[in-house]
Every structure is written in C-alpha cells, then in structure tokens.
Amino acid sequence: MTEVTQTSPDSASEPTGYDPAVVEKKWQTRWDERRTNDADLRDGARPFYALMMFPYPSAEGLHVGNLFAFTGNDIYGRFQRLQGHTVFEPIGFDAFGIHSENYALKVGVHPAELIPRNIANFRRQLKRAGLMVDWPHELSTTDPAYYKWTQWIFLELYKRGLAYRRRAAVNWCPTDKTVLANEQVIAGECERCGAKVEQRFLEQWFFRITDYAERLLANLDWIDWSETTKTAQRNWIGRSDGAEIVFRVMDLLEMGGAATVGLNVMATTAELNAFATDIRVFTTRPDTIFGATYLVLAPEHPLVDNIVGDEQREEVSAYRAAAAKQDLVTRKVSREKTGVFTGAYATNPATGRPIPIWIADYVLMEYGTGAIMAVPGHDERDFEFAKAFGLPIVRVVAPRGPRAAHHPSAAHVDSQNRDEHPPIEEPYIDTEHAFLVNSGQFNGLTVDEGKHAIVAWLAEREHAKPVVNYRLHDWCVSRQRYWGPPIPIIYCDACGVVPVPEKDLPVLLPNVDDFKPDDTGISPLARVESWYKVKCPKCGGDARRETDVSDTFLDSAWYFLRYPSTDVERKPFDQEMLDKWLPVNSYIGGNEHAVLHLLYARFVTMVLHDAGHLEFEEPFTKFRAHGMIIRDGAKMSKSRGNVVNPDEYIDRWGADSFRTYLMFLGPYEEGGDFRDQSIAGVRRFLDRLWVSAVDARRDGAPDLTVLRKLHQTIRKVSDDVPRLQYNTAIAAMMEYMNAMRTKERRPHVEEVRPLVQLVSPFAPHIAEELWERLGGTTSVFESGWPTFDPSLAAEELATIAVQVNGKLRGTIRVAQGTGQDAAVGAALADAGIAKFVPGVPKKVIYVPGRLLNLVV
RNA sequence: GCGGGAGUGGCGGAACUGGCAGACGCACCAGACUUAGGAUCUGGCUCCGAAAGGAAUGGGGGUUCGAGUCCCCCCUCUCGCACCA
C-alpha cells in the first residue's frame with residue numbers, strides 16, 4: 001500500500017513516477033476504511049453544510065456538467081474543512097419523475113428496476129471523482145422511507161388550507177391520448193407523434209404559493225444569493241403595482257333585461273348588480289384612463305354570457321370555443337390580434353362616455369381580473385388591436401417640453417374631431433419624460449402624479465382601489481402519471497375529500513407492469529382497482545384513492561431537510577439535527593433551477609416554518625449559481641456528438657487532473673469551454689508537484705524569494721477559493737510552481753508542503769499521498785489551512801510604472817514607501833524616461849507603489 | 001418584445017475600489033538532453049516596424065493626468081420569459 005512509487009519506477013511513459021490510477025485507488029479505499037469523509041453529525045464542531053443539487057440518475061451516467069457542479073461544491077467543502085469546520089457533504093438521487101418514466105417506457109424496463117441500476121452507476125462514478133461525500137446519508141426520493149414524508153408535507157399544506165383542488169387545463173395529445181408535460185410540447189405539437197396538442201380540463205391539486213408571493217419577494221432583499229438568481233426570481237414572481245377600476249355596463253335593461261343577458265332567474269338583485277353590471281379591470285396605468293376607448297375580456301371570462309348581445313351571441317360562442325381548444329404552450333407574440341365585439345358597452349368612469357366591450361385572447365384569464373381597459377394610445381398590444389378593428393385611439397400622455405402644447409400628439413382627439421388631426425402612428429410608451437393631456441383636471445401632471453391622483457379621485461366614488469398583482473401562479477402538483485409519490489388523499493361519497501391519516505403513510509406506489517399512460521386521460525393508477533378501492537378512513541364506507549401522483553419538484557423541495565436525519569424513521573427530520581445543521585450554509589447549483597426548484601424549496605420551507613416545524617424560513621443562507629460547460633464552443637448534446645464522458649477522461653488523466661482542469665477552464669460562476677488538449681497543462685502541473693515533493697531537499701533553508709512568493713500565493717488562494725474563483729487560484733499555484741521549481745533548483749520541503757495543502761481541495765488524492773510522503777501522519781484534510789505572513793507576502797521593492805502624458809515610458813524600482821520627490825528623481829535619472837521630459841513637469845500624479853505620471 | 005449575462009492574442013481566459021492590458025494554461029516556433037520523443041527542460045510567442053517607436057480590449061462619441069474598467073449612442077452573441085395589462 002505504501003510502496004506506490006515502486007509500482008511503476010521504470011515505466012517509460014511515467015518518468016515522474018506519478019500514477020494517478022494507483023494513488024486514487026489507494027486513497028479512495030483508505031477514505032472508505034477510515035470513514036474520512038463521514039461527518040460526525042451529532043458531535044462535530046463548527047458544522048458546515050455544503051449542499052449540491054442532487055442529480056437525476058439518468059441511464060447515460062454522470063454528465064460532466066454534474067461533475068463540474070459537484071467538484072466546485074467539493075472544493076468549497078474541503079476548504080471549509082481545512083479551516084476547521086465539520087463539513088457535511090451529502091448526496092442523493094432525484095429519481096422520480098417523467099424522465100425516468102419515459103426512458104423506462106422506451107427501453108421497456110420497469111423504472112423500479114432501472115433506477116437502482118442507474119444509481120449504482122452514479123455512485124461508482126461519484127466515488128471515483130474523489131468527492132468528499134457522506135455516503136451513509138445518501139437518499140433517493142423513490143424510497144418509501146423518503147416519500148412517506150413527501151406525502152406528509154402534502155398533508156401539512158392541506159391542513160393549512162394551502163392545497164386545494166380545481167379544474168385546470170392540461171396538455172392533451174389527441175393521437176397518443178395522453179397528458180403531456182409542457183416540455184413534451186414542441187411548438188404546439190406532441191413531441192412524439194407531432195399531433196397538434198389540445199387542452200383538456202381535469203380536477204387537479206394546487207398549492208397556494210401565491211399566498212407567499214410577497215414574502216418570497218421580500219426575503220430576496222436579505223438572502224446571500226447570486227444576483228442573477230435573485231433577479232430571475234423577482235421576474236418570475238413579477239409584482240405589479242396598479243389599480244383595479246370598475247366599469248359599469250350600460251343599458252342593460254334596454255338590451256332585453258335579465259332573460260336576454262342570460263342571468264339565472266334565481267339570481268338575486270344583489271347578484272345581478274354585482275355580477276352583471278360591473279366589470280373590474282386591472283391596470284398599472286390608471287393615469288391613462290381618459291384614453292381607455294374600449295374594454296377587453298378574456299374569452300373564458302364568466303361575465304361574457306351575461307353581457308353578450310343577441311346579434312353577437314353566435315360569433316362570440318364560436319370565438320370562445322376556438323380559444324378553448326388552443327394548446328397551453330403556444331401563445332405566440334407575433335400572432336395577429338383577434339377578437340369579437342360583445343354588443344355591450346360600458347361607461348368610462350373618467351370621461352362618462354360609452355366604450356365598447358370586446359373579447360380577445362390576448363387578455364389572459366389567469367392574470368389580474370381577466371379583463372382590461374384598453375388604452376391604444378399608450379400600449380402596444382391595445383394599439384395593434386385598435387388598428388386591426390378600427391377602434392378609436394386617443395393620446396392622453398405626451399412628451400414634456402416647450403412645444404408640447406403644439407405637439408400633434410398633445411392635441412385633443414376624441415370621437416367627434418379625430419379626423420381633423422394626423423392619425424396616431426404608434427403608441428407612446430415613455431413614462432419618464434411625459435405628462436398628462438386630454439385628461440380634464442389632471443392635465444399637466446406627470447405620469448406618477450397622475451396615477452395617484454386619478455386613483456384617489458375614482459376611489460372617492462368607489463370606482464377604483466390600489467391593487468398589487470403577481471405573475472406567479474399557484475403550483476399545480478398533480479401529475480397524471482405513474483412514477484411518483486401517490487397524492488395521499490381519499491375520496492369518499494359520504495365524507496368528500498379525506499386526507500390519508502399520518503399513521504397510514506406512506507401510501508405505497510403499487511408495483512404494476514402496465515404503467516403506460518392510456519386513452520382514459522387519467523393516471524395509470526386509475527386502472528389498478530385493487531389499489532385505489534379503499535375504505536374511507538373516516539366512515540369506513542367505500543371510497544377511492546386519488547390516482548394522480550405529485551410533481552417531482554415536491555420531492556426536491558425538501559430533500560436537504562432530510563439528509564441529516566436519513567436514519568430517523570418516525571419523523572421527517574430530527575430536531576437536534578435541524579438545530580445543528582440547518583439552514584444550509586452553502587448551496588451550489590445550476591441557474592436552470594433559478595426559479596422552479598429554488599422557489600418551491602423556499603416556499604415549502606416557509607410553510608413548514610409557519611406550521612412550527614422549522615425555526616428558519618429561508619432554507620439556503622448562501623446560494624451560488626455555477627456556469628455551464630460547453631465543448632469546442634457549442635452546447636454538449638448527443639446529436640452533436642460532443643458529450644464528455646467523465647470516465648474516459650478519468651481513465652486517461654486521473655480524477656485529480658480532471659477535477660482541477662474543470663475548475664481551471666473558466667470562471668466557475670460563468671462556466672467555460674472544455675478543450676481536450678488543455679487538460680494536459682493541469683496534468684503537467686500535478687506531475688511537477690509530484691516530483692517537487694518526492695525530490696524535495698530537507699537540508700539547508702528555504703529560499704527567501706521563494707518564500708515571499710509562497711506567502712503571496714497562500715494569500716491569493718485563500719482569497720479566491722471562498723469566492724469560487726477557482727481558475728485564478730489554480731493559476732496562482734501554477735505561478736508559484738514556476739518560481740519554486742526550475743531546472744537549476746530543487747525545492748525545499750518547506751516550500752512544497754504548504755503547496756500540497758493549497759492543492760488538496762482541488763486534487764485530494766495526490767495531496768493525501770504527498771502529504772503522507774512529506775511526513776504527515778493524519779489526512780491532509782485534518783492538517784489545517786496554511787496561513788500567510790503579511791510581512792513576508794509584501795514585496796521589498798515596489799515596481800512603479802512611469803508615464804509621461806499618460807503614456808508608459810518605463811518602470812522604476814524603488815523602496816516601499818518612497819515619496820513623490822524621490823520617485824520623480826529616480827524616474828528622471830532613467831535616460832529612457834528622461835528623454836520624453838523636456839523640462840520641469842507641469843504636473844505630477846503619484847500613486848505610491850503603483851504609478852507615476854509626469855504631465856509635460 | 002421584456003429581462004439577465006457577455007464581446008480582450010491562433011484558442012480557453014487574467015487584470016483589486018479607473019493606475020504597467022494579455023497573468024496562468026493550450027497550441028505553435030526555436031534550442032538542449034536523447035536511439036527515439038506525443039516525455040522532460042530552456043527560451044520565444046498581440047499586431048505593424050530592422051530599430052526608435054506606433055497601434056490595439058466589438059464600433060462611435062464623452063469624462064479624466066490616465067479608461068478593458070465610468071457615462072451616452074450603436075452592433076453582435078448568448079441564456080431566461082413569452083401578449084402578465
């Protein structure tokens with residue numbers, strides 16, 4: 001075991017004696033035997049939870065992108081350990097979900113059989129990559145001991161009124177007769193058969209994440225996350241401040257009374273008033289209300305039936321039917337505006353004039369109130385629509401400026417005299433340098449002033465109130481699929497919706513051979529009568545289980561809470577473990593999860609906090625998004641044939657070289673370009689490290705110049721690693737290597753030893769081996785992190801750039817702390833500089849230790 | 001269309017709060033050691049120029065003693081989101 005050098009001393013291909021295959025095998029075995037990588041969860045001092053996003057165990061094996069992510073996390077974790085923390089670096093497998101299911105269908109093997117196989121392969125690959133994983137706490141979301149608690153979380157939400165059922169659209173392929181996930185719909189067509197996808201309505205479970213929108217948004221101000229990720233979440237939540245404005249439908253009785261407008265004869269007067277005569281719209285531009293020349297309702301809007309005129313009824317029905325058939329995914333911006341007139345009019349509460357009410361599919365029922373006031377003069381979509389249907393366009397906001405009064409767009413335009421003015425060619429969107437016109441007593445106000453003043457004015461007559469809206473929708477967690485945790489709900493004819501009692505959890509997913517979705521449009525579980533037929537837990541009568549499974553994102557919304565408690569059976573998580581290990585100190589993952597996964601994890605954590613299960617409400621104290629690896633300038637894909645298989649590279653170069661190269665090829669948070677040839681440079685560096693350590697002289701003293709460089713390097717690496725600037729940290733170590741080891745000199749032991757420690761987070765196996773050879777008696781990861789001596793790290797002489805009129809003309813070397821006059825003297829003593837200085841400099845700029853600029 | 005990020009040698013990429021542009025590495029060139037070199041070591045390597053020197057960080061303006069870095073306009077690439085009123 002210890003005679004490693006002897007294994008290949010005379011190998012011509014390995015003149016340095018460094019054989020990564022041997023070294024890596026040795027240390028992986030030893031780490032396992034000595035449990036070096038397992039954290040002492042109960043008693044470890046200064047706990048540090050270094051979390052990486054767990055992978056989906058695909059049949060293809062570990063992707064280099066996974067390894068890039070994990071290695072970056074591993075380096076950070078190992079660095080924290082060298083700083084004296086007890087580091088917990090767990091891993092698990094996100095093994096439920098449609099990916100696994102589709103792949104299983106494709107190859108005709110049951111996922112329950114496939115997944116363990118894939119996981120075994122992942123485990124093998126992760127181990128040989130040298131990750132400091134705490135294997136005893138591995139988990140899989142498909143394990144009943146895990147998804148029991150996923151179901152428990154569903155019930156916690158249900159108990160708190162945060163899970164509810166409603167009919168909602170799903171993507172439906174009429175040829176395959178199956179429900180499709182959004183990702184399976186490509187440009188409105190089924191990914192498999194190419195048929196045009198339609199929408200169908202099914203009863204589905206939703207989580208009220210919108211109740212948490214404001215908190216999810218507000219906490220972004222204080223959590224330490226990558227800015228790009230926070231921005232993505234802010235945009236996804238999409239808060240808009242605006243107002244709800246009430247428009248009254250006109251001449252209802254003249255149009256034929258309640259019978260004509262389709263009201264139920266049982267409707268009370270109050271219902272009639274509230275229901276049939278008021279249309280509420282949401283707008284962020286209440287300042288433009290004088291320019292609202294028509295209203296638009298979404299095709300699905302419930303008030304349409306109540307207001308539609310007899311003449312328009314047929315056309316309106318046809319339009320609504322067509323809209324209902326559209327698939328969910330494709331609502332293209334470039335599409336031409338369509339819509340139909342309802343025959344009804346409403347009163348603009350600002351102008352008192354009648355305006356027509358239309359329906360159009362460019363207004364979405366899911367957002368705001370499903371109705372808008374259209375202001376074609378100041379909104380592009382309304383403008384396009386108005387142009388298409390010849391509706392009036394009025395300017396009510398115009399640019400500020402002396403000529404504003406004469407500006408054609410500021411002229412009063414209304415239905416009477418609009419022909420006398422040049423037609424308006426485009427909507428005027430700018431709100432910053434603009435003020436109100438054609439708006440009665442509000443003329444001259446800025447847009448902001450106008451918003452407040454007009455809402456206040458309308459509010460006096462109860463026509464408006466300030467309102468906040470979010471783009472965020474409630475989270476649909478139902479999946480009409482097989483490979484997921486069954487939703488723990490029972491339907492009883494007598495008792496209605498009954499949650500499965502906690503003692504009956506988990507609701508096991510039955511092992512059925514026939515799990516293919518079929519033409520019933522409901523979950524495969526709905527065909528397993530022996531499974532879904534149950535007795536009601538409340539009344540004991542006949543009942544049936546919910547046959548949908550839950551979304552994979554629910555599995556991954558809480559796995560980090562489970563890791564420290566994987567050995568606990570009776571609870572989802574152990575209080576002592578929570579106190580000690582959570583919230584997560586550092587989470588690293590891809591920005592492709594910037595919104596869904598990271599938002600859901602935050603939401604579930606907040607709910608569990610509110611339910612009293614967790615003391616914290618934000619799960620990840622610090623989150624950093626890593627970049628993406630491309631290869632030869634292009635995204636990796638099977639079709640391009642440029643996918644990197646980590647096994648091949650580890651076989652050829654060793655895991656240490658591969659890890660270090662991945663970290664060296666670009667800034668970690670940006671990713672980079674994988675080039676086959678470039679890994680050689682990193683391997684050469686490790687070869688030289690090997691020789692330097694094995695050959696190191698022990699006699700004499702280390703060289704002072706080299707020591708200075710060493711201490712500068714320790715400072716640089718210590719600065720860079722916690723900021724994830726791995727590429728420059730590696731460059732600094734290479735630079736040190738170049739200074740330490742040249743043809744002329746053999747490095748001293750004291751010059752090499754600290755470098756071994758600096759390298760260890762990146763290349764752990766070779767570091768362990770060399771640490772041992774240099775006399776270390778424990779793992780290098782127990783050795784602490786080298787500290788630097790600031791006085792050693794400082795240069796004796798400063799090199800100062802000398803410029804004349806801003807142009808570099810030379811450099812001078814002066815003692816640290818040299819004053820301006822002395823520096824000027826030194827500069828003028830240099831002939832190469834002096835020749836550019838004809839007389840006495842007019843002005844001197846001196847930045848001590850850096851630069852001298854003589855202005856002549 | 002909206003939002004984010006980025007444009008620097010042959011290539012991947014460095015450059016702290018404005019202060020020597022091109023660190024480090026790949027590739028390439030020359031040399032040394034070698035039976036050999038796809039090993040190792042030494043040196044060179046932005047462009048123009050023999051040199052002195054000049055030009056150069058996507059393009060164009062500006063601020064400054066000094067700009068890759070700050071401000072304005074434009075171009076290109078890239079990743080999200082998709083009619084969110």
Side-chain angles (χ1 to χ4, degrees), chain A residues 12-16 227-232 234-236 238-240 242 281-285 288 296 329-335 337 360-364 366-375 378-382 384-385 469-473 591-592 594-595 627-628 630 632-633 635 661 664-667 669-670 672-682 684-685 687-688 691 719 725 727-738 742-744 799-811 832 835 841-847 849-856:
Chain A
S13 62
E14 295 293 343
T16 64
E227 275 310 316
T228 55
T229 312
K230 292 211 260 189
T231 305
R234 284 193 186 101
N235 292 341
W236 189 260
R239 180 184 159 126
S240 287
V281 307
F282 174 70
T283 178
T284 54
R285 293 292 306 276
T288 61
V296 190
V329 179
T330 331
R331 277 197 156 184
K332 286 230 166 87
V333 176
S334 55
R335 222 179 49 185
K337 293 281 181 288
D361 64 3
Y362 83 93
V363 173
L364 309 176
E366 312 88 74
Y367 186 76
T369 60
I372 62 157
M373 64 177 209
V375 185
H378 303 283
D379 180 277
E380 282 184 46
R381 296 150 305 183
D382 296 344
E384 278 173 32
F385 191 83
N469 260 309
Y470 302 90
R471 295 177 59 129
L472 185 69
H473 292 8
N591 233 354
E592 69 271 18
V595 281
M628 200 175 63
I630 56 174
D632 300 323
K635 215 170 180 169
Y661 174 59
F664 183 59
L665 54 67
E669 292 180 72
E670 283 164 40
D673 197 357
F674 191 98
R675 305 258 160 173
D676 278 4
Q677 280 180 321
S678 302
I679 192 172
V682 169
R684 275 197 271 270
F685 168 68
D687 278 333
R688 295 175 76 197
V691 177
D719 275 355
Q725 288 166 3
N727 57 332
T728 52
I730 295 165
M733 291 188 281
M734 288 174 164
E735 224 178 306
Y736 175 61
M737 174 66 76
N738 292 341
T742 64
K743 189 166 190 164
E744 288 76 36
T799 304
I800 290 176
V802 182
Q803 298 180 338
V804 178
N805 289 342
K807 272 198 193 316
L808 182 71
R809 295 302 183 185
T811 58
K835 72 179 177 186
K842 281 188 223 142
K843 188 173 174 187
V844 176
I845 288 106
Y846 182 53
V847 184
R850 280 198 173 274
L851 169 132
L852 178 67
N853 189 9
L854 305 173
V855 184
V856 299

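Chain letters run A, B, ... following the sequence lines, proteins first, then strands; residues in each count from 1. Predicted model only: the values in this text are computed from it and were never measured.
- Taking atom C1' on both B/rG53 and B/rG4, the two are 44 Å apart, rounded to the nearest angstrom.
- Between the P atoms of B/rU57 and B/rG7, the separation comes to 14 Å (whole Å).
- Residue A/V847 is the one, among A/I372 and A/V847, whose nearest nucleotide of RNA chain B lies closer to the 5' end (criterion: closest heavy atom).
- A/K230 comes within 4.0 angstrom of nothing in the nucleic acid, heavy atoms only.
- At a cut-off of 3.5 angstrom, the base of B/rC83 holds at least one donor-acceptor pair with the side chain of A/K337.
- Residue contacts for A/R809: at a heavy-atom cut-off of 4.0 Å it reaches the sugar-phosphate backbone alone, with no base atom in range.
- The side chain of A/N738 contributes an N or O atom lying less than 4.0 Å from OP1 or OP2 of B/rG25.
- Here A/T799 lies in heavy-atom contact (under 4.0 Å) with a base.
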Pairing string, 5' to 3', for RNA chain B - Watson-Crick or wobble contacts under 3.5 Å, brackets [ ] where pairs cross, | to another strand: (((((((..(((......[....))).(((((.......))))).(((....)))..(((((..]....))))))))))))....
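- OP1 or OP2 of B/rC41 has at least one side-chain nitrogen or oxygen of A/R688 nearer than 4.0 Å.
- Residue A/S240 places at least one side-chain N or O under 4.0 Å from the OP1 or OP2 atom of B/rA85.
- Across all strands shown, A/N235 has heavy atoms under 4.0 Å from sugar-phosphate atoms exclusively, and none from any base.
- As judged by a 4.0 angstrom heavy-atom cut-off over every strand, A/Q803 is placed among the base-contacting residues.
- The shortest distance between the side-chain N/O atoms of A/K807 and the OP1/OP2 oxygens of B/rG19 is not below 4.0 Å.
- At a threshold of 4.0 angstrom between heavy atoms, the contacts of A/R471 include nucleobase atoms, whether or not backbone atoms are also involved.
- Ring geometry for A/F385 against A/Y362 counts as tilted: the plane angle lies between 30° and 60°, on a 0 to 90° scale.
- At a cut-off of 3.5 angstrom, the base of B/rC16 holds at least one donor-acceptor pair with the side chain of A/R850.
- Contact between the side-chain N/O atoms of A/R684 and the OP1/OP2 oxygens of B/rC26 is found at a separation under 4.0 Å.
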